[in-house]
Amino acid sequence: MMKQVNILFKKELLDAYRDKRSVMAGLYYAFGAPIVMCLLFSILLQQMASPEALKITISGAERAPNLVQYLDSVDISHSDEADTKPIHLEIDDAYQQDMATGRSATVVIVADKSDSKLIKSVRRLETALLRYNSEVAGLRLVARGIDPGLMRALDVQTQDQATPDAKGGLFLGIVTLSIIIAVFYSAMNLGIDTSAGERERNSLALLLSHPLSSMQIVLAKVAAIATFSVLGLALVLIVSKFAYAMVAWEQLGFSITLDQRFMVVSLIIGIPIALMSASMLIFVSFMAKSFKEAQSYVTMVLMVPVGLSMMTSYDIATETIQWLPIAAQQYAMIELIKGNALPLAPLAVASASTLALFGLFTYLSSRMLKSEKVVFGL
């Protein structure tokens with residue numbers, strides 16, 4: 001049985017290799033995704049490290065020169081140019097008198113806080129004003145011979161024990177998300193072509209005319225598709241190792257390092273996912289009546305693993321989903337980058353579940369190949 005599966009596996013690999021467009025379409029994501037993510041991270045980190053100057057309209061600036069000077073020091077300035085944000089800071093007429101007598105001086109921020117593009121700038125202005133308020137309040141207490149420290153009932157100090165690699169948080173989730181998705185997208189076109197595509201070309205019926213069982217055919221196709229998934233995983237790991245090393249993570253006080261241990265372990269834990277992905281692609285494609293219909297079904301079904309991976313990336317219900325396939329493997333990758341121990345129990349349970357799904361999809365696909373409706377797309 002294995003000899004026939006091996007021969008059929010080589011035939012499937014050769015057919016897939018000849019279809020250059022499907023292969024390149026699959027590997028394009030593995031090669032391009034890390035580079036695109038690297039560029040986006042670089043732009044984002046640059047913006048976070050040095051926020052751009054905020055230009056607003058200030059009314060009555062002459063009544064609060066110290067406040068205006070403070071805002072200028074944090075890159076918030078008065079302007080009437082075209083790129084000025086629709087944020088209006090109104091300084092009360094009695095500002096100087098209130099400040100001189102030690103009362104609370106009134107400043108009013110006029111802005112549309114429902115504008116999602118504006119809310120970040122409004123919060124930045126509010127934060128700057130709160131800091132200025134704290135500084136002035138401290139100076140008033142000092143002028144009255146009172147220690148400003150009395151205003152702080154608690155002196156909260158945090159001893160951060162996280163390693164530089166563990167501080168990435170959300171960035172680590174997004175990096176591992178792009179790696180996990182590569183397993184599915186690298187062989188998506190190939191999976192549809194070797195099932196629904198072969199049926200449209202009538203080569204599937206010809207294949208079934210040989211002395212081969214439907215299980216042997218499905219196993220050979222799954223092995224060929226999984227091989228390309230693992231190839232895509234290896235490619236995305238190699239490109240990620242060099243691409244993410246060029247991002248200036250140190251600007252935010254952490255680093256993301258994909259070392260050889262991470263790459264080897266990721267490849268190992270990615271194999272069950274590749275097998276499950278390949279068997280699922282074939283099963284879903286056989287359920288469709290045409291190539292285009294299979295593309296639609298596969299796209300919808302892939303939302304499930306992508307959703308699980310995104311929940312892990314954004315740390316949503318991690319305690320629960322870390323035992324599920326895909327989520328557990330990605331969670332293990334994140335812990336590995338952080339330098340922590342692998343969560344062996346969730347990883348073992350999830351890997352066993354992933355292999356069980358591979359067995360289930362393979363069995364169901366072999367059963368479907370015994371139906372003339374499936375073989376001839378009736």
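Not measured: the values here are computed from a predicted model. Reckoned from all heavy atoms, side chains included, excluding hydrogens, waters and symmetry mates.
- Side-chain contact between V175 and S240 is absent, with no heavy-atom pair separated by less than 4.5 Å.
- In this structure, L308 is a member of the same hydrophobic cluster as V301, with clusters built from ILVMFWY side-chain heavy atoms closer than 4.5 Å.
- Within a 6.0 Å sphere centred on CE of M263, heavy atoms belonging to other residues, nucleotides or ligands number more than 12.
- Around atom CD of Q69, no more than 12 heavy atoms belonging to other residues, nucleotides or ligands sit under 6.0 Å away.
- Two residues are said to be in side-chain contact when any heavy atoms from C-beta on lie closer than 4.5 Å; Y331 and T176 fail this criterion.
- Across all non-hydrogen atoms, the minimal contact from V122 to A111 is CG2-CB, 3.8 Å.
- The two residues A327 and I321 have their closest heavy-atom pair at CB-O, 3.0 Å.
- The shortest heavy-atom contact between I326 and P305 is CG2-O, 3.7 Å.
- Considering CD of E135 and CG of L130, their distance stands at 11.5 Å, rounded to 0.5 Å.
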So L231 and S186, side chain to side chain contact (heavy atoms under 4.5 Å, CB included) or not? Walk me through it.
CA-CA 8 Å; L231 179 62; S186 296; over 6 Å; no
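- Counted by atom type alone, T57 and H78 present zero donor-acceptor pairs between their side chains at under 3.5 Å.
- Of all heavy-atom pairs spanning L369 and S214, the tightest one is CB-CB, 3.8 Å.
- Between atom CZ of residue F242 and atom CG of residue L258 there is a gap of 10.5 Å, rounded to the nearest 0.5 Å.
- No donor-acceptor pair under 3.5 Å is formed between the side chain of K55 and the backbone N or O of D80.
- Note on L89 and V108: separate hydrophobic clusters, where clusters join Ile, Leu, Val, Met, Phe, Trp and Tyr whose side-chain heavy atoms are under 4.5 Å apart, directly or indirectly.
- In this structure a side-chain-to-backbone donor-acceptor pair under 3.5 Å is present from R140 to R103.
- Using bins of under 30°, 30° to 60° and over 60° for the plane-to-plane angle, the ring pair Y132/Y70 lands in the tilted bin.
- Contact annotation: the side chain of I109 approaches that of L125 to within less than 4.5 Å [non-hydrogen atoms, C-beta and beyond].
- Panel note: side chain E198, backbone S195; no donor-acceptor pair is recorded below 3.5 Å.
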Counting only pairs under 3.5 Å, give me each side-chain donor-acceptor contact of residues 266-281, with atom names and distances, residues two or more places apart or in other chains.
residue : atom : partner : partner atom : Å
S266    : OG   : F262    : O            : 2.7
S279    : OG   : L275    : O            : 3.1
S279    : OG   : M276    : O            : 2.9

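- Judged purely by distance below 3.5 Å, without hydrogens or angles, the side chains of S114 and D112 pair a donor atom with an acceptor atom.
- In this structure, a donor-acceptor pair under 3.5 Å is present between the side chains of Q330 and S309.
- Judged purely by atom type and a 3.5 angstrom limit, R63 has no side-chain atom pairing as donor or acceptor with the backbone of A94.
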Using the rule given for side chain to side chain contact (heavy atoms under 4.5 Å, CB included), can you reason through I192 versus V298, listing the C-alpha separation, both sets of side-chain angles and the distance that settles it, and then say yes or no?
CA-CA 8 Å; I192 298 173; V298 167; 4.0 Å; yes
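- Both V247 and I174 belong to a single network of hydrophobic side chains, linked directly or stepwise wherever heavy atoms of I, L, V, M, F, W or Y lie under 4.5 Å apart.
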Take T354 and Q329, measure what side-chain hydrogen bond (donor to acceptor under 3.5 Å, both in side chains) needs, and give me the verdict at the end.
CA-CA 10 Å; T354 307; Q329 283 91 340; 3.2 Å; yes
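- Here the closest non-hydrogen pair linking P346 and Q322 is CB-O, 3.4 Å.
- The OG1 atom of T312 sits 8.5 Å away from the CD1 atom of I180 when rounded to the nearest 0.5 Å.
- Within 6.0 Å of atom CZ in R367, 12 or fewer heavy atoms from other residues, nucleotides or ligands are found, so the atom counts as exposed in its surroundings.
- Contact of the P325 side chain with the L357 side chain is registered, since non-hydrogen atoms from C-beta on lie closer than 4.5 Å.
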Check the pair E293, M287 against side chain to side chain contact (heavy atoms under 4.5 Å, CB included), reporting the backbone distance first and the verdict last.
CA-CA 9 Å; E293 192 175 325; M287 292 181 68; over 6 Å; no
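- Defined by atom type and a distance below 3.5 Å, a donor-acceptor pair is missing between the side-chain atoms of T106 and E90.
- Using a 4.5 Å heavy-atom cutoff, the side chains of F358 and V222 are in contact.
- Taking 4.5 Å as the limit, some side-chain heavy atom of S178 sits within range of a side-chain heavy atom of Y29.
- Taking CD of E126 as the reference point, atom CZ of R131 lies at 12.5 Å (rounded to 0.5 Å).
- Side-chain contact check for H88 versus I56: every heavy-atom pair is 4.5 Å or farther apart.
- Annotation: side chain of R261 is in contact with side chain of L336 (closest heavy-atom distance under 4.5 Å).
- Other residues, nucleotides and ligands place more than 12 heavy atoms under 6.0 Å from the NZ atom of K11.
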Start with the C-alpha gap between K10 and N6, add the side-chain angles, then the distance that decides, and say whether side chain to side chain contact (heavy atoms under 4.5 Å, CB included) holds.
CA-CA 6 Å; K10 292 178 180 178; N6 187 41; 3.7 Å; yes
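- For the atom pair L172 CG and L177 CG, the distance stands at 12.0 Å (nearest 0.5 Å).
- Atom NZ of K85 is separated from atom NZ of K120 by 9.0 Å, given to the nearest 0.5 angstrom.
- Hydrophobic clustering (ILVMFWY, side-chain heavy atoms < 4.5 Å, transitive): M300 and V284 are in one cluster.
- The number of heavy atoms from other shown groups lying within 6.0 Å of CZ (R123) does not exceed 12.
- Both I76 and Y95 belong to a single network of hydrophobic side chains, linked directly or stepwise wherever heavy atoms of I, L, V, M, F, W or Y lie under 4.5 Å apart.
- Smallest separation of non-hydrogen atoms from A341 and E335: O-CB, 4.0 Å.
- Although no hydrogens or angles enter the test, the distance criterion places no donor-acceptor pair under 3.5 Å between the side chain of T257 and the main chain of D259.
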